[in-house]
Amino acid sequence: MPSHQSHLKNLDYSVVQQCMHCGLCLPTCPTYDATKLERNSPRGRIALMRAIADDRLEVTRTFGDEMYFCLGCLACMTACPAGVNYAELFEHARAEVEEQRLLDSPKRRLIRWFTVKWLFMDLRRLLLVGRAMRLYQQMGFQTLLRRSGVLKLLPKRLQELEAMTPDIPKEFSAEMIPPVTRAVGERKYRVAVLTGCAQDLIFSEINRDTVEVLAHNGCEVITPPEQQCCGSLHAHNGELGLATELARQNIDQFPPEQFDAIISNAGGCGSHLKHYSKLLADDPRYCERAELWDRKLKDVHEWLAQIGVKAPARDGQPPLKVTYHESCHLSHGQKVVTQPRQILKLIPNLTLVELPEANWCCGSAGIYNLVQPEMAGQLLDRKLKHIRSTGATIVANGNSGCLLQLINGVRQAGLPVRVAHPMTLLAEAYRRSAAPN
Amino acid sequence: MPLGNDTLAKLREIVGADHVLTTKEDLIPYSFDGTAALQQMPGAVAFAGTTEQVAAILKLANQHKLPVVTRGSGTGLSGGSLPVNDGLVLCLVKMDKVLELDRANLTMLVEAGVTTLTISDAASAAGLFYPPDPGSMKISTIGGNVAENSGGLRGLKYGITRNYVMGLEVVLPEGEICWMGNKCVKDVAGYSLRDLFIGSEGTLGVITKVLLRLIPKPQAKKTMVATYAAMDQAAQTVSDIIAAQIIPCTLEFLDRTTIRCVEDFAKVGLPLDCEALLLMETDGHPAAVAEEAAKMEELARQNGAKEVRVAKDDVEANKLATARRSAFSALARVAPTTILEDATVPRSELAKMIRFVDTVGKKYNLKVGTFGHMGDGNLHPTFLTDERNKEEMHRVEEAFQEIFDEAIRLGGTITGEHGIGLAKKGILPKFAGDAQMRVLRALRRTMDPNGILNPGKMFE
Ligand SMILES: Cc1cc2nc3c(=O)[nH]c(=O)nc-3n(C[C@H](O)[C@H](O)[C@H](O)COP(=O)(O)OP(=O)(O)OC[C@H]3O[C@@H](n4cnc5c(N)ncnc54)[C@H](O)[C@@H]3O)c2cc1C
Ligand code: SF4
Ligand code: SF4
């Protein structure tokens with residue numbers, strides 16, 4: 001018998017047993033839809049987890065592969081009438097796989113060590129790497145290298161990755177946003193904005209736009225310059241210990257008692273951030289504050305809808321057709337579905353066209369597109385097909401991973417479509433209405 | 001005989017290596033269906049893509065006396081697609097094409113693995129209507145629906161799967177391919193073998209294609225929810241509606257426990273402070289719908305309904321129906337194991353049956369949530385229990401026995417729509433009687449002399 005602890009066996013059995021195998025989640029699972037194999041379905045995956053908890057199956061490599069073939073999109077949780085907590089099961093299953101080092105290979109170890117354990121454990125490292133990448137892009141090395149054909153010498157996978165490296169913005173959040181932004185007009189609320197890690201690196205403008213929008217709606221906004229990762233990447237990749245450590249650091253940095261709300265503007269992060277109390281349930285020093293933290297944690301759309309967001313004034317802009325792609329973790333994870341649409345509809349010159357299968361995963365799924373490129377590519381194509389069918393010139397979305405995936409997708413497909421966060425669109429509308437005509 | 005390597009090799013030849021599963025991790029997810037507390041490991045799973053492949057597999061199985069369990073989406077609630085230990089599971093979900101929609105004859109031809117929802121959507125897109133809508137419709141296959149003769153929420157007015165099957169392509173147990181039925185509304189040539197296959201639970205052959213009857217889409221519909229402080233008031237409303245010669249398409253019922261679970265999941269604004277809820281729908285010509293709806297609302301109020309809410313549009317109506325469809329799974333929120341019953345009584349006896357279930361639940365000290373198709377006397381009392389609690393499971397069994405006996409006494413049946421499978425195998429002989437059992441057995445032996453199809457299910 002292996003000597004380590006089993007995450008699945010230690011999990012409250014009622015969580016494992018909750019699935020009554022009705023199959024109602026199957027049609028909403030993108031991997032089942034693609035293969036029609038039960039193993040690739042929520043019901044099948046839960047059956048495997050339960051088999052491990054029941055000692056009917058060892059934690060095998062095949063099991064590990066299966067847990068990483070799952071997108072973690074949580075569409076199954078929205079579909080499940082029985083209230084199965086797939087998110088929890090899935091995190092523990094991946095943790096089990098990591099603990100047993102089943103998928104271990106030098107290359108995988110290196111990637112995981114670099115991303116999960118080193119890069120995303122300390123914002124300073126991330127910013128440092130970001131600065132290096134910015135330099136690489138600004139100095140024209142990227143264009144030069146891309147043109148030179150040297151990149152062709154890299155293995156195919158690395159070439160694709162290089163093509164996906166995001167454009168690093170000219171400034172990071174801390175360079176653009178002051179630590180305290182005063183409310184425009186009367187101050188009604190005091191909120192903190194989590195500027196995220198990857199978000200900060202790639203989409204710092206979105207953070208700036210978010211802060212601006214909040215200030216416009218009576219919020220004083222606190223954004224400390226040095227923030228940590230929320231830990232979702234770690235939790236989803238089987239590193240629950242590291243995730244717990246980051247949770248403590250975040251609670252220390254943003255004492256929940258001091259804010260009316262703690263705001264996240266990335267669906268994936270928010271979905272994880274709202275469950276710190278689960279991670280810290282056994283930590284007597286933190287458990288109570290973690291519960292308060294969970295209650296205060298709000299997705300920005302959710303918060304704005306709750307406090308009554310101001311409509312921007314009419315302006316002379318030509319009409320725009322916008323469609324909205326739901327981030328999995330915003331819609332399935334946080335059940336924030338109507339609010340982003342409500343907010344988009346407030347923008348005067350904008351018509352919102354519904355995207356078919358708006359809440360079907362785009363294939364980004366954290367770092368899924370890096371590790372399962374084939375499945376991710378299929379999902380992206382499907383998404384692009386639907387975007388095209390709407391005839392929209394803007395696709396709005398509230399999560400950095402999806403934004404990146406979509407930006408790459410429209411670029412490769414040559415689609416004349418802008419990809420933007422709803423906060424950016426709203427901030428632009430506020431700016432237009434403030435500017436003298 | 002269990003699966004040998006040479007049999008597996010032949011299987012791979014027939015369907016292609018990618019379509020045969022044998023590893024433990026691949027098989028565990030096929031070791032159960034939608035039924036609680038039943039589990040059995042198959043030896044292999046094979047996916048057929050064509051009728052000819054199905055035929056070849058059955059011939060092979062006959063040679064080796066290999067047990068074959070046909071499977072659709074595995075949502076069955078009587079253990080019908082539960083594998084035979086070490087046997088073969090023949091899964092049809094990859095045969096999922098809609099082959100033809102014939103607007104002149106109002107029929108649709110589909111492969112057996114097409115889901116019920118796909119059929120319903122395809123009909124609707126052509127301005128037509130396929131009424132059978134089991135709660136599992138978004139994933140259940142038409143093959144499974146036919147094999148179980150499934151009902152749904154619209155059974156009262158529109159009937160069940162049987163009423164919409166015009167023809168079937170079936171692979172007989174020894175591998176012969178056979179068409180039964182056609183597009184004719186009238187056809188009396190020989191015994192109606194097609195009807196024999198409807199509800200055959202995978203014991204007489206493998207259904208590979210289904211020719212379905214469609215009807216014009218009703219022009220209008222109205223959906224209402226009435227809530228009551230007492231179960232009897234809901235039951236009386238149903239009786240009064242039918243006595244007034246109104247046949248609504250839906251009269252579904254939920255009790256207090258079920259309402260809470262459903263609302264917890266679906267968040268459609270169901271009131272939580274009532275004992276019973278009726279979901280009522282009438283459809284047809286707009287004038288008739290308006291008149292019937294008004295009358296139904298009046299009858300509901302006369303019987304003491306606390307509130308009658310009328311869905312404002314199709315979106316709300318669909319949400320309410322979807323919420324009702326989730327009832328069974330939603331009950332699993334309360335307890336780890338949900339065992340539901342399917343006893344059915346003539347409509348006139350329904351109120352009696354509901355009260356009886358309530359008494360039995362109390363007598364055996366069990367938690368029960370009841371919902372069901374009140375309009376057709378088909379109730380689903382669901383015991384909320386834990387399969388690891390052997391003592392409680394024993395009480396559940398005893399309670400069921402009493403419920404079956406009462407259903408039979410009231411002129412009802414032991415299963416209205418979920419089938420016998422494994423779950424009710426033990427009580428079929430008593431219900432069916434010696435003569436019926438003898439014919440059933442003889443039929444099956446004739447059709448499947450080697451006993452390879454779903455052995456051990458329905459009866460020995
Ligand atoms: C949440 C939920 C709600 C439900 N609601 C209803 C309801 O309202 N009404 C109702 O009647 N049932 C209901 N059911 C039961 C079940 O969904 C139906 O019996 C359904 O028809 C089964 O379809 P399936 O494709 O899942 O078949 P499976 O479960 O895979 O198989 C069922 C039986 O059919 C046989 N079979 C399957 N395909 C074929 C084929 N092609 N040829 C020959 N035999 C075959 C199998 O051997 C097995 O005996 C519900 C189930 C669930 C989980
Ligand atoms: S996860 Fe939920 S929806 Fe899926 S099979 Fe289990 S109980 Fe049913
Ligand atoms: S998380 Fe997504 S991919 Fe994984 S089982 Fe659920 S629906 Fe399927």
Side-chain angles (χ1 to χ4, degrees), chain A residues 12-29 31-54 56-67 69 76-85 93 102 335 337-338, chain B residues 19 21 23-36 38-39 41 45 47 71-77 89 91 93-94 96 113 115 117-118 135-140 261-262 264-267 322-323 325-340 386-388:
Chain A
D12 181 355
Y13 195 73
S14 66
V15 181
V16 191
Q17 205 183 12
Q18 190 67 38
C19 172
M20 42 89 75
H21 33 93
C22 64
L24 293 188
C25 52
L26 266 57
T28 50
C29 173
T31 53
Y32 179 75
D33 184 71
T35 66
K36 294 282 191 301
L37 300 181
E38 282 279 354
R39 190 184 117 181
N40 305 140
S41 82
R43 178 170 69 170
R45 290 181 176 126
I46 296 168
L48 292 177
M49 297 177 203
R50 186 166 175 179
I52 288 174
D54 287 347
R56 283 181 285 118
L57 179 73
E58 295 270 291
V59 183
T60 58
R61 205 194 142 96
T62 314
F63 175 78
D65 286 338
E66 190 50 55
M67 293 307 122
F69 187 53
C76 46
M77 279 182 75
T78 298
C80 175
V84 170
N85 190 342
L102 280 164
K335 312 281 180 249
V337 175
T338 53
Chain B
H19 300 294
L21 309 178
T23 68
K24 205 171 175 190
E25 293 86 347
D26 272 319
L27 298 181
I28 287 174
Y30 291 90
S31 62
F32 51 83
D33 65 359
T35 321
L38 292 178
Q39 187 153 33
M41 277 293 273
V45 177
F47 294 88
R71 179 180 165 113
S73 288
T75 64
L77 297 175
V89 168
C91 187
V93 292
K94 293 187 184 177
D96 60 353
T115 65
L117 182 65
T118 307
S136 50
M137 69 183 293
K138 57 179 196 166
I139 187 68
S140 66
C261 291
V262 168
D264 201 20
F265 164 63
K267 310 225 164 26
T322 308
R325 283 197 195 96
S326 72
F328 168 46
S329 314
L331 278 169
R333 291 176 170 252
V334 198
T337 311
T338 39
I339 305 191
L340 101 167
D386 185 340
E387 63 195 276
R388 290 174 304 168

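Quick note on labels: first sequence line is chain A, next is B, and so on, each numbered from 1. What you are looking at is a predicted structure, and each value in this text was computed from that prediction instead of being measured. These numbers come from the heavy atoms of this one structure, side chains and all, not from hydrogens, waters or symmetry mates.
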Looking at [options], which one has more heavy-atom pairs under 4.5 Å with chain A than the rest?
options: Ser329(B), Ala266(B), Ser136(B); value: Ser329(B)
options: Arg325(B), Gln39(B), Met137(B), Met41(B); value: Gln39(B)
options: Leu21(B), Asp33(B), Leu331(B), Leu77(B); value: Asp33(B)

Measure the spacing between [atom1] of [X] and [atom2] of [Y] and express it to the nearest 0.5 Å.
X: Ile46(A); Y: Ile28(B); atom1: CD1; atom2: CD1; answer: 14.0 Å
X: Met20(A); Y: Arg333(B); atom1: CE; atom2: CZ; answer: 11.5 Å
X: Asp386(B); Y: Gln17(A); atom1: CG; atom2: CD; answer: 4.5 Å
X: Ser73(B); Y: Leu24(A); atom1: OG; atom2: CG; answer: 10.5 Å
X: Thr35(A); Y: Lys94(B); atom1: OG1; atom2: NZ; answer: 7.0 Å

Item to complete: Taking all heavy atoms of Leu48(A) and all of Pro29(B), pick out the closest pair and write down the distance.
Response: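 Shortest heavy-atom separation between Leu48(A) and Pro29(B) comes out as CD2-CD, 4.1 Å.
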Worksheet entry | Exercise: identify the closest heavy-atom pair between Ile139(B) and Tyr32(A) |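 Closest approach of Ile139(B) to Tyr32(A), heavy atoms only: CD1-CE2, 4.3 Å.
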Quick one: what part of [X] sits under 4.5 Å from any heavy atom of chain B, side chain, backbone, both or neither?
X: Arg56(A); value: both
X: Cys80(A); value: backbone
X: Ser41(A); value: neither

Practice prompt. Under 4.5 Å, counting heavy-atom pairs only, tell me which of Ala51(A), Cys22(A), Ser14(A) racks up the most with chain B.
Written response: Cys22(A)
Worksheet item: Residues in ring pair (Phe, Tyr, Trp, His ring centres under 6.0 Å) with Phe32(B), at least two apart?
Response: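 By the ring pair (Phe, Tyr, Trp, His ring centres under 6.0 Å) rule, Phe32(B) matches His21(A).
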Discussion item. Is any side-chain heavy atom of Glu38(A) closer than 4.5 Å to one of Leu27(B)?
Written reply: no
Discussion item. Quick check: do Phe47(B) and Lys36(A) have side-chain heavy atoms less than 4.5 Å from each other?
Written reply: no
Fill in: Per-residue contact mode, Thr115(B) against chain A (heavy atom under 4.5 angstrom)
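When you check distances to chain A, no heavy atom of Thr115(B) falls under 4.5 Å.
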Worksheet entry | Contact origin within Ser326(B) toward chain A - heavy atom pairs under 4.5 Å | both
